[in-house]
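Only this structure's heavy atoms are used, side chains among them; waters, hydrogens and symmetry mates stay out. Quick caveat, the model's predicted, so the values are computed rather than measured.
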Amino acid sequence: MRGWTVPRFGEPREVLELTDLPDPVARDGQRLVTVEAASVNFADVLYCRGTYQDKPPLPFTPGLEVAGVDPATGERIFGPVVMPHGGYAEQAVLGSWHAWPEGMTAAQASGFFVAYQTGWCALHHRTRLRAGETLLVHAAAGGVGAAAVQLGVAAGARVIATVGSTDKAEVARRLGADEVIVLDSGADALIPAVKELTDGRGADVVYDPVGGDTFDASRRVIAWEGRLLVIGFAGGRIADAPTNHALVKNYDVIGVHWAAYQKRAPELVDAWQRELERLWAGQEIDPLVGAEYAIEQVPDALDAIAARATTGRVVVVP
């Protein structure tokens, strides 16, 4: 089969090789799929660089989640891959899986797992987002942020979205955000904007997949007894969380490493997926696909994700 492989760590475009690979073999408890769509995540960039929390042995095929067809049964399923058999290939291996929800496209199904699972874990497990609270979502037009916006709206929160450019602002509004802040001049613009929108009170919950300067500014707009959710560091810098500041404002800094639950508490992951599929069936969430790339264009897709130049889910279609 054709697929991309990472023989050494480095920037994706420099290390990825498109080549002929042996057909993967599913072991007991796994499923082989013919890939119809593979979602692109920022974590895929980190995997290529060798800076993700988990480092698969070299060489490996990246692509953390796919939607496809089980060639043995014809069943259409989606879910997370088992490394080293990732989704940027014609076939992949799944360690857990779910049937496609009715009415969902392959592109939507391929991106329905990680982003929405992360959002549900963060907003309903690591904290308890309540109706009427103010939720501030950073990078709201991207795949992870878009899912959080929709889940916040479904929970009855007032959602304030931040985006990096004016063209992404309309995307965030279509997702359901009540207010949108454009941070094209930098993270410092966040502070006066949030204070004005909340009459100085601040946001009850902050969903931050960016880190760096965005995290620093978020600390200054968190409400009394608020919760600051650390989702990731797409901005590149891992910020510090001064404990004296958390003490003075009585807020929580909460880490959200969703991937760990797949091994530590898979029963929770299954329960969260049932909740997400209930929301889909009730038309309360709708995965946004912003761009589709051919398999030959995987380096372009990863460059776009790394540059934060995308909206919604980015998908590779073999």
Side-chain angles (χ1 to χ4, degrees), residues 26 29-41 43-44 63-82 86-87 91-125 129 137 140-157 159 171 174-176 258-259 261-262 265-293 310-318:
Q30 300 175 349
R31 296 281 288 273
L32 177 71
V33 293
T34 300
V35 177
E36 292 198 8
S39 184
V40 182
N41 292 279
D44 294 316
L64 295 180
E65 53 180 338
V66 304
V69 177
D70 184 327
T73 66
E75 184 181 5
R76 304 173 82 193
I77 57 178
F78 72 94
V81 304
V82 177
Q91 291 187 316
V93 174
L94 302 186
S96 62
W97 56 87
H98 301 269
W100 292 16
E102 184 177 353
M104 194 173 280
T105 67
Q108 287 180 310
S110 73
F112 188 48
F113 197 70
V114 172
Y116 284 92
Q117 280 275 340
T118 300
W120 187 275
C121 173
L123 298 175
H124 295 292
H125 180 72
L129 179 66
V137 178
V144 172
V149 170
Q150 292 184 347
L151 290 172
V153 172
V159 179
V171 174
R174 292 202 308 269
L175 291 166
W258 166 79
Y261 288 94
Q262 294 181 96
E267 70 282 1
L268 289 180
V269 175
D270 290 340
W272 299 339
Q273 193 62 31
R274 290 193 293 272
E275 293 293 337
L276 292 168
E277 291 179 8
R278 177 184 61 80
L279 292 178
W280 163 262
Q283 298 182 331
E284 295 184 73
I285 57 175
D286 186 16
L288 171 65
V289 177
E292 295 186 16
Y293 288 79
T310 62
T311 59
R313 300 303 302 183
V314 175
V315 176
V316 172
V317 181

Search all heavy atoms of [X] against all heavy atoms of [Y] and return the closest pair with its distance.
X: Gly143; Y: Ala115; value: O-CB, 3.8 Å
X: Ala148; Y: Val137; value: CB-CG1, 4.0 Å
X: Ala38; Y: Val66; value: CB-CG1, 3.9 Å
X: Leu129; Y: Gly152; value: CD2-CA, 3.9 Å
X: Gln91; Y: Thr34; value: NE2-OG1, 3.8 Å
X: Val315; Y: Ala37; value: CG1-CB, 3.6 Å

With a 3.5 Å distance limit and no angle check, can you tell me whether [X] reaches the backbone of [Y] through a side-chain donor-acceptor pair?
X: Glu36; Y: Ala106; result: no
X: Trp97; Y: Phe78; result: no
X: Trp258; Y: Tyr116; result: no
X: Gln117; Y: Trp272; result: no
X: Gln108; Y: Pro287; result: yes

Return the [atom1] to [atom2] distance between [X] and [Y], rounded to the nearest 0.5 Å.
X: Tyr261; Y: Asp270; atom1: OH; atom2: CG; value: 14.5 Å
X: Met104; Y: Asp286; atom1: CE; atom2: CG; value: 8.0 Å
X: Trp120; Y: Ile285; atom1: CH2; atom2: CD1; value: 8.5 Å
X: Leu64; Y: Ser110; atom1: CG; atom2: OG; value: 12.0 Å
X: Arg31; Y: Thr73; atom1: CZ; atom2: OG1; value: 5.0 Å

State, yes or no, whether a side-chain contact exists between [X] and [Y] at a heavy-atom distance under 4.5 Å.
X: Leu279; Y: Leu151; answer: yes
X: Gln273; Y: Leu276; answer: yes
X: Asn41; Y: Arg313; answer: yes

Using a strict threshold of under 4.0 Å (side-chain N to carboxylate O), is an ion pair present between Glu277 and Arg274?
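The answer is no: the pair does not qualify as a salt bridge.
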Answer yes or no: are there more than 12 heavy-atom neighbours, outside Glu267 itself, under 6.0 Å from its atom CD?
yes
Results of salt bridge (Lys or Arg N to Asp or Glu O under 4.0 Å) for Arg174 - residues two or more places apart only:
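With neighbours one apart ignored, the set is empty.
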What about His98 and Phe112, are their ring centers closer than 6.0 Å?
no
Verdict with reasoning, Val171 to Leu288, per side chain to side chain contact (heavy atoms under 4.5 Å, CB included):
CA-CA 9 Å; Val171 174; Leu288 171 65; 3.7 Å; yes
For Val81 and Leu94: C-alpha separation, side-chain torsions, deciding distance, then whether side chain to side chain contact (heavy atoms under 4.5 Å, CB included) applies.
CA-CA 4 Å; Val81 304; Leu94 302 186; 4.2 Å; yes
